[in-house]
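Here is how names work: the chains are called A, B, and so on, in the same order as the sequence lines, proteins then strands, and each is numbered from 1. What you see is a predicted model, and the numbers here were worked out from it, not measured in a lab.
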Protein chains: 2
Amino acid sequence: MDTRDWRREPEPKYWHLRTLLTEALDTEFSVGEVLPNERALAARYGVARATLRQALEQLELEGRLQRRRGVGTTVAPPRVGVDLSPSQHAWPGRPGDPWTVTAAAPAPPPPAVARLLDLPSGATVEIIHRTLTTHGRPVATEELYVPGAVSPPAPADPAEGPERARRLLRLLQECEPAGQDRTVELGAATAETAHRLDRLPGSPVLLVTTRYLTAGRTAAASVATYRADTCRLTFANQPALTALTG
Amino acid sequence: MDTRDWRREPEPKYWHLRTLLTEALDTEFSVGEVLPNERALAARYGVARATLRQALEQLELEGRLQRRRGVGTTVAPPRVGVDLSPSQHAWPGRPGDPWTVTAAAPAPPPPAVARLLDLPSGATVEIIHRTLTTHGRPVATEELYVPGAVSPPAPADPAEGPERARRLLRLLQECEPAGQDRTVELGAATAETAHRLDRLPGSPVLLVTTRYLTAGRTAAASVATYRADTCRLTFANQPALTALTG
DNA sequence: AAGTGGTCTAGACCACGGC
DNA sequence: CCGTGGTCTAGACCACTTA
């Protein structure tokens with residue numbers, strides 16, 4: 001057993017700096033305000049720029065700051081809540097859904113998704129790309145994977161694009177109300193999603209994987225990528241199952 | 001509009017390195033294996049140690065690696081799934097609950113929690129600390145906040161400690177089955193929770209805030225901190241509400 | 001004591017945004 | 001063009017674990 005008192009150990013400079021900056025943010029700055037640049041801040045606190053940046057990274061992770069190359073470091077607004085309650089997303093694409101469809105085309109899914117859908121490797125599915133924007137800024141992208149059995153192509157359909165996507169989503173709406181599985185984990189943005197979210201590659205993101213079920217079978221799956229700095233996922237007022245099934 | 005093709009731009013060294021290391025992890029290493037030390041890896045790939053560390057940080061964020069000072073860098077096992085379905089946690093502390101109570105005592109809650117519980121600032125609540133351990137490693141800590149109105153102290157109760165906590169949890173079990181609110185967001189471990197989770201201050205964690213409801217009122221609240229590198233939160237097979245309320 | 005990852009420095013150059 | 005944050009270097013020293 002570790003008998004030392006961890007509280008008495010000297011804390012790293014970047015951590016102390018984080019505390020100082022947090023207090024400064026709480027008292028001296030308001031949302032949207034631009035901080036002094038990194039070189040000036042480093043000088044003010046008497047540390048190397050790399051050390052200061054380590055502290056800023058922490059605060060960005062916590063959603064307190066927003067940094068943009070060529071622009072500067074600004075105080076971030078509170079995170080936006082995104083509702084992931086099952087009732088809100090029984091099927092994606094229902095009327096009033098705030099997501100914007102950007103593309104759709106048949107293609108083979110990544111191996112992890114094929115496993116999720118119980119498909120043989122090599123099978124192709126419809127892949128629908130969507131984006132969620134709030135306050136004029138992109139906060140999430142999603143790929144929705146729909147096996148051909150669920151939504152057979154119509155002869156008149158365009159081969160790809162938003163129009164095809166909208167037809168597919170309309171088809172989904174007509175299915176039975178469905179259950180769903182979700183998992184949430186931390187991830188790092190790939191180059192492509194980073195670009196779509198206006199972030200740098202490797203930025204921390206919340207990865208939400210959903211399995212959509214009809215009659216006990218996996219009808220579709222989606223992988224949504226939320227900007228971890230700007231999003232708070234909410235699962236609203238869910239009655240305990242014991243109250244409903246008992 | 002940005003017309004450049006972002007795919008053709010040269011990627012940063014640390015990002016390319018991340019790709020190389022990912023491939024190496026997939027083909028040449030198995031779970032638990034120890035990687036060469038950072039100085040050796042940096043030399044092998046012809047980069048500075050700081051650059052190599054940037055790549056390792058990415059992989060740790062993705063849950064692929066685990067680094068421990070004085071020990072080395074090892075290949076991490078797949079993330080453990082933690083079930084956060086409402087049915088699993090109608091109330092904390094039910095029989096079979098895998099959490100371990102570590103402490104309990106009355107104290108004023110942090111301001112954010114007081115707001116959540118709709119309490120005047122200065123009011124005190126019961127604070128119960130719990131820890132979740134899987135495979136012998138701590139993966140989460142939680143503080144459960146219970147207002148005195150819900151669980152009035154009994155004269156014979158010890159002033160604090162696990163015994164008091166267990167009585168409080170027993171009291172909760174006797175209440176009505178309840179609904180709940182949840183939010184999930186990214187956070188940075190404080191010095192104290194970092195210590196409890198065997199991590200460094202500032203490590204990325206998943207912050208799960210839960211409001212427990214009885215008869216439409218907030219009966220209690222909890223803030224749980226999950227190690228983001230080792231945990232995957234799951235919300236199992238939830239029937240769409242339309243199917244239950246319709 | 002030896003070897004690991006963690007912290008910190010002081011500098012350089014690059015990519016981007018706005019003027 | 002200039003100022004911003006992003007990348008990268010080559011070193012030093014520290015804190016921790018293990019033997």
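- Counting any heavy atom pair closer than 4.0 Å across all strands shown, A/Arg68 reaches sugar-phosphate atoms only and no base atom.
- Rounded to whole angstrom, the span from the CD atom of B/Glu38 across to the P atom of D/dA15 amounts to 17 Å.
- Where B/Pro12 and A/Gly70 each meet DNA chain D at their nearest nucleotide, the meeting point lying more 5' is that of A/Gly70.
- Going from atom CZ of B/Arg18 over to atom P of D/dT7 covers 14 Å, rounded to whole Å.
- Between B/Tyr14 and D/dT7 there is a side-chain polar atom (N or O) within less than 4.0 angstrom of OP1 or OP2.
- Screening residues 73-82 of chain A for side chain to side chain donor-acceptor pair (under 3.5 Å), with sequence neighbours left out, gives A/Arg79-B/Glu185.
- Between the CZ atom of A/Arg67 and the P atom of D/dG5 there is a distance of 8 Å, rounded to whole Å.
- When the side-chain nitrogen and oxygen atoms of A/Arg53 are compared with OP1 and OP2 of D/dG6, one or more of them lie within a distance under 4.0 Å.
- Here A/Arg227 does not pair with A/Asp198 in a salt bridge; the nearest charged N to carboxylate O distance is not below 4.0 Å.
- Applying the 4.0 Å criterion to OP1 and OP2 of C/dT7, one finds that A/Thr51 has every side-chain N and O outside that range.
- In this structure, B/Gln58 places its CD atom 13 Å from C1' of D/dG6, rounding to the nearest Å.
- Contacts between residues 20-29 of chain A and DNA chain D, defined by a heavy-atom separation under 4.0 Å, are absent.
- Counting any heavy atom pair closer than 4.0 Å across all strands shown, A/Leu200 reaches sugar-phosphate atoms only and no base atom.
- At least one donor-acceptor pair closer than 3.5 Å links the side chain of A/Ser85 to the backbone N or O of A/Ala236.
- Between the CG atom of B/Leu41 and the C1' atom of C/dT4 there is a distance of 12 Å, given to the nearest Å.
- If you take NZ of B/Lys13 and C1' of C/dA15, they are 16 Å apart, rounded to a whole angstrom.
- A salt bridge links B/Arg196 with B/Glu192: the distance from a Lys NZ or Arg NE/NH1/NH2 to an Asp or Glu carboxylate oxygen falls below 4.0 Å.
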*asked:* Let's go through A/Glu142 and A/Ser222 carefully: what are the C-alpha distance in whole Å and the side-chain angles of both, what is the deciding distance for side-chain hydrogen bond (donor to acceptor under 3.5 Å, both in side chains) to 0.1 Å, and is it a yes or a no?
replied: CA-CA 7 Å; A/Glu142 182 192 53; A/Ser222 75; 3.2 Å; yes

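- Remark: P of C/dG6 and CD of B/Glu60 are 7 Å apart, rounded to the nearest angstrom.
- The phosphate of D/dG5 has OP1 or OP2 within less than 4.0 Å of a side-chain N or O from A/Thr73.
- Under 4.0 Å is where a charged nitrogen must lie from a carboxylate oxygen, and between A/Arg18 and A/Glu62 at least one such pair does.
- For A/Arg39 and D/dG3, a side-chain-to-base donor-acceptor distance below 3.5 Å is absent, hydrogens and geometry of angles not being considered.
- Distances shown here put every side-chain N or O of B/Asn37 at or beyond 4.0 Å from the OP1 or OP2 atom of C/dG3.
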Distance-only donor-acceptor pairs under 3.5 Å for side chains of residues 50-57 of chain B, two or more places apart:
unit_1  : atom_1 : unit_2  : atom_2 : d
B/Arg53 : NH1    : B/Glu38 : OE1    : 3.2
B/Arg53 : NH1    : B/Glu38 : OE2    : 3.0

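- Computed from coordinates, the A/Arg49 CZ to D/dC8 P distance equals 13 Å when rounded to whole Å.
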